[in-house]
Amino acid sequence: MVIIDWGKAMKCNISRTKRSYEFHMAESHWHTHYEFYYLYSGHCKIFINHTLYYVEPGDIIFLKPGEIHRTTYHSSPVNERVTISFDGEYLDSMKELCGEEYIFRNSKVTVPNGNRSRVEELISRIEYEETGQDGFSPLIKRGCFYELLVSLSRCQEAETDHGRLELGEETIEEAAKYIYDHYQNPITLEEVAELSHMSPAYFSRKFKAVTGFGYKEYLTNIRIREASRLLLNSGCSVTEIADRCGFGDGNYFGDAFRKAKGVSPRAFRKMQGGV
């Protein structure tokens, strides 16, 4: 991964990766930064929050901070994509000029055929200038990035659908949204399976196949994400946060949080400078 430093507190990372359809993302996760990737070749699926998207060459996937996601690959032997991630401050100038509603409006956007050559040219220029051609390279890289982001934002004017959903996938999306909206309640696999008119065993297999998440993994990720937010931005006690995020038992919350973050909730709050 190449790290591009375009000024104090303004970071941007760009990477080009090739993966086979046999690759599996080891862990579902979310970021504290913004990220988008452009698919050059291959086919993949990505599950973001509670929605499934099929991704084809020429598609852009936008991820905002805190969006839980998991990518799975299928069909094609090789998938190639370029990923660019950057922090929120990097968007400040664009927000001031254009308004935040023009950026990251959709999770998936298809770049029209007539725009793809320009988008790919800008990506190539960013990669080229990163090698440090001369003292002007940082300025050119920054300018190309802004032009690229504007070009992609303009592409969002065109309507984009999720892609072809297979039989049963819409039902799983609805189940995921139910979990996403009710994570603070003591919901169970049996409850969600019944709402989906499936047996628990079949629902569990189908949920994993569609989303890439296990049922419990998905629910725990949502709860841990919300707990992390509350630890950093509220004065609630760890016990209160556990209860508000649906864990109920404080010891279970501590174990789950430590497994996800590598530290206890209290240590996380202290390390991150939370309230």
| query | Say you draw a straight line from CD of E121 to CG of L148; how long is it, rounded to the nearest 0.5 Å? | reply | 11.0 Å
| Considering all heavy atoms of both residues, which atom of G212 and which atom of T72 are nearest to each other, and what is their separation? | CA-CG2, 4.4 Å
| task | Would you confirm whether R269, through its side chain, and L231, through its main-chain N or O, come within 3.5 Å as a donor-acceptor pair? | result | yes
| task | Return yes when atom CD of E194 has more than 12 non-hydrogen atoms of other residues, nucleotides or ligands closer than 6.0 Å, and no otherwise. | result | no
| said: Is it true that Y38 and E120 share a donor-acceptor pair across their side chains at a distance under 3.5 Å? | reply: yes
| said: With a 3.5 Å distance limit and no angle check, can you tell me whether S204 reaches the backbone of P200 through a side-chain donor-acceptor pair? | reply: no
| Are any non-hydrogen side-chain atoms of M271 and K261 less than 4.5 angstrom apart? | no
| Do the charged groups of R244 and E226 touch, with an N to O distance under 4.0 Å? | no
| Are the side chain of R116 and the backbone of V111 linked by a donor-acceptor contact shorter than 3.5 Å? | yes
| said: Applying a strict under-4.5 Å side-chain criterion to I, L, V, M, F, W and Y, I'd like to know whether I140 and Y146 cluster together. | reply: no
| query | Atom CD in Q184, atom CD1 in I222: separation rounded to 0.5 Å? | reply | 10.5 Å
| Are any side-chain N or O atoms of D249 and backbone N or O atoms of N251, one a donor and one an acceptor, separated by less than 3.5 Å? | yes
| Parallel, tilted or perpendicular, as decided by the 30° and 60° cut-offs, for the rings of Y34 and F86 | parallel
| message | Under a 3.5 Å distance rule, please check whether R81 uses its side chain to pair with a backbone N or O of Y37 as donor and acceptor. | response | no
| message | Using a 3.5 Å distance criterion without hydrogens, assess whether the side chain of N49 forms a donor-acceptor pair with backbone atoms of I68. | response | yes
| task | Nearest 0.5 Å please: distance from the OG1 atom of T110 over to the CG atom of N115. | result | 11.5 Å
| request: For residues H182 and E191, determine if any side-chain heavy atom of one lies less than 4.5 Å from a side-chain heavy atom of the other. | output: no
| task | Test T51 against K108 for side-chain contact (heavy atoms from CB on, under 4.5 Å), laying out the working first. | result | CA-CA 11 Å; T51 304; K108 174 191 167 185; over 6 Å; no
| message | To check you understand the geometry: which heavy-atom pair defines the closest contact between S151 and L122, and what is its length? | response | OG-CD1, 4.2 Å
| query | Would you call K259 and D255 a side-chain contact if the rule is heavy atoms closer than 4.5 Å? | reply | no
| Polar side-chain atom of K216 near backbone of L189 as donor-acceptor pair, under 3.5 Å | no
| request: Would you please classify the geometry between the H31 ring and the H33 ring as parallel, tilted or perpendicular, with 30° and 60° separating the classes? | output: parallel
| field | Distance in Å, L230 CG paired with C245 SG, rounded so as to fall on 0.5 Å steps | value | 5.0 Å
| said: Quick check on Q133: does its CD atom have over 12 non-hydrogen neighbours (other residues, nucleotides or ligands) under 6.0 Å away? | reply: yes
| request: Identify the two heavy atoms, one from K177 and one from D181, that lie closest to each other, and give their separation to 0.1 Å. | output: NZ-OD2, 2.7 Å
| message | Do the side chains of E147 and R125 get close enough for a salt bridge, i.e. N-O under 4.0 angstrom? | response | no
| request: In sequence, state the C-alpha distance, the side-chain angles, and the governing distance for E35 and S85, and then conclude on side-chain hydrogen bond (donor to acceptor under 3.5 Å, both in side chains). | output: CA-CA 4 Å; E35 179 176 290; S85 58; 4.7 Å; no
| Are side-chain heavy atoms of E56 and C44 found at a separation under 4.5 Å? | no
| Considering all heavy atoms, the nearest A209-K45 contact | O-NZ, 3.8 Å
| Do any N or O atoms from the side chain of Y252 and from the backbone of A242 form a donor-acceptor pair under 3.5 angstrom? | no
| said: I need the minimum non-hydrogen distance between P57 and S41, along with the two atoms involved. | reply: CG-CA, 3.9 Å
| task | Could you tell me whether the side chain of I187 reaches within less than 4.5 Å of the side chain of Y215, counting heavy atoms only? | result | yes
| Mind checking whether F247 and F253 have parallel, tilted or perpendicular rings, split at 30° and 60°? | tilted
| request: Report the residue from F207, Y180, Y183, Y178 that forms a ring-ring contact (aromatic ring centres under 6.0 Å, His included) with Y218. | output: F207
| message | Quick check: do I14 and K141 have side-chain heavy atoms less than 4.5 Å from each other? | response | no
| Inter-residue atom distance E173.CD - F47.CZ, 0.5 Å rounding | 6.5 Å
| More than 12 non-hydrogen atoms from neighbouring residues, nucleotides or ligands closer than 6.0 Å to CZ on R266, yes or no? | no
| Would a hydrophobic clustering, with Ile, Leu, Val, Met, Phe, Trp and Tyr connected at side-chain separations under 4.5 Å, put Y202 with F213? | yes
| task | State the CD1-CZ distance between I61 and F36, to the nearest 0.5 angstrom. | result | 12.0 Å
| message | According to a hydrophobic-cluster definition based on side-chain heavy atoms being under 4.5 Å apart (Ile, Leu, Val, Met, Phe, Trp, Tyr only), do Y128 and F145 belong together? | response | no
| task | Grab the two heavy atoms, one from G66 and one from R225, that are nearest each other, plus how far apart they are. | result | O-NH1, 2.5 Å
